[in-house]
Amino acid sequence: MLSVKKDENFNLKATLECGQVFRYKINGGRYTVFSKDKMMVIEENESSYTLVEGEEAFFLKYFDFDRNYDIICSNIADDFVSDAMRFSRGIRLLNQDPAEMVFSFIISQNNHIPRIKAIIERLCDALGEDKGGYKAFPTVEALASKDADFYHKAGLGYRAEYIASAARSLCGEDFNKLSGMNTPELRNYLMLLKGVGRKVADCILLFGFSRREVFPVDTWIMKVFSDIYGNISADKLACLLSERYGEKSGYIQQWLFYKKRETEKRFG
DNA sequence: GACCAGGGCGGCC
DNA sequence: GGCCGCCATGGT
């Protein structure tokens, strides 16, 4: 049975709660994580995490274990960034399913994380394949089989037609081909989908296509940088930060996002 | 009962 | 290109 060290490079709870993933359950020291049609059950011990259910190779790829986080976390230029890094140390960027990210982050727009999770769970229950004990994330084909009215009744509000439209657009699309596109090309392609703007596209690129040079700018990141850069548009800020932080952009974005939300949760 | 949320769209200039 | 009002819904 696979075990990994519980150290400064892996904090499972923070990794799951930092807003990059919507399908997981935490019961004390027992974590259940869902991705595409897979399920992983992980138990936390005093010094390690043990994968008690699920595929080992999938687990290692999903939790980004082919990357060296000592290097990623070293030589951080800005003080407020290294502060956030220390606060968030142990967060790993997950390698998630591209299609699942497309629909999850369309749902995420102008929405609270608890509600995003509830909506996604409802969609899985209604349209996901029964895997015996749990439901898979719905396939693009399954999502394309329903119309906007169905999603409206599922409580998606004005995002109902976005989901229906995106599903129809992506039906039959070759995601391996998409993975071969460079980041600007792929961003342009994603932004052709209804309901996908710069920010949602960047989340899909970062979490679904492992483009670590991308720096998604949402309302929380805007709060972090508004006093530094003043009155700047989210899109401009995203370009600027991606250029400044390069391949560390995704990690830095996650540290800042997590710290901002956690501290505001406590005091605000 | 406001206010806000991992924003995007359409209309306007 | 940039700005602005609106969009459903429900958690806090």
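Values below: all heavy atoms of this structure, side chains included; hydrogens, waters and symmetry mates excluded. A note on names: the letters A, B, ... follow the listed sequences, proteins ahead of strands, and every chain is numbered from 1.
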Ignoring the backbone of A:Y158, work out which of C:dC7, B:dG8, B:dA5 is nearest its side chain. C:dC7

Is the positively charged end of A:R187 above the ring of A:F209, judged by distance under 6.0 angstrom from the centroid and angle within 45° of the axis? no

For A:K223, report the nucleic acid contact type (base, sugar-phosphate, nothing); a contact means any heavy atom under 4.0 Å. sugar-phosphate

Closer than 4.0 Å, any side-chain N/O of A:T219 to the OP1 or OP2 of B:dG7? yes

With rounding to the closest Å, how many angstrom separate the P atoms on B:dG1 and C:dA8? 22 Å

Name the residue closer to the 5' end of DNA chain B, choosing between A:Q109 and A:R115 according to the nucleotide with the nearest heavy atom. A:R115

Between CG of A:N111 and P of C:dT9 the distance, given in whole Å, is 11 Å

Please determine, by modelled atom types, if A:K13 and A:Y31 share a side-chain donor-acceptor pair under 3.5 angstrom. no

In whole angstroms, how far is the P atom of B:dG7 from the CD1 atom of A:I204? 13 Å

Indicate, with a heavy-atom threshold strictly under 4.0 Å, whether A:F22 touches base, sugar-phosphate, or nothing. nothing

Are A:K199 and A:Q109 close enough that some pair of their side-chain heavy atoms sits under 4.5 Å apart? no

Measure from CG on A:L190 to P on B:dC9 and round the result to the nearest Å. 12 Å

Base, sugar-phosphate, or nothing for A:R159, non-hydrogen atoms under 4.0 angstrom? base

Without decimals, in angstroms, what is the distance between A:I106 CD1 and C:dA8 P? 16 Å

Base, sugar-phosphate alone, or nothing: which one does A:E161 contact when heavy atoms must sit under 4.0 Å apart? nothing

Just how far, in rounded Å, is C1' of C:dA8 from CD1 of A:I163? 14 Å

Whole angstroms only, please: what is the OH-C1' distance between A:Y162 and C:dA8? 11 Å

A:I221 CD1 - B:dG7 P separation (whole Å): 11 Å

Could you verify whether a donor N or O on one side chain and an acceptor N or O on the other, from A:Y62 and A:E55, lie under 3.5 Å apart? no

Atom pair distance, as rounded to whole Å: CG in A:L156 and P in C:dC7: 18 Å

Can you tell me if A:R212 and A:Y251 form a side-chain donor-acceptor pair at under 3.5 Å? yes

Under 4.0 Å, counting only non-hydrogen atoms across every strand here, what does A:G195 touch: a base, just sugar-phosphate, or nothing? sugar-phosphate

Quick one: is A:H112 getting a side-chain N or O under 4.0 Å of the B:dC3 phosphate, OP1 or OP2? no

For B:dG8 and C:dG11, measure between their P atoms and round to the nearest Å. 23 Å

Want to settle it: does A:I116 or A:K194 sit nearer the 5' end of DNA chain B, counting the closest nucleotide to each? A:I116

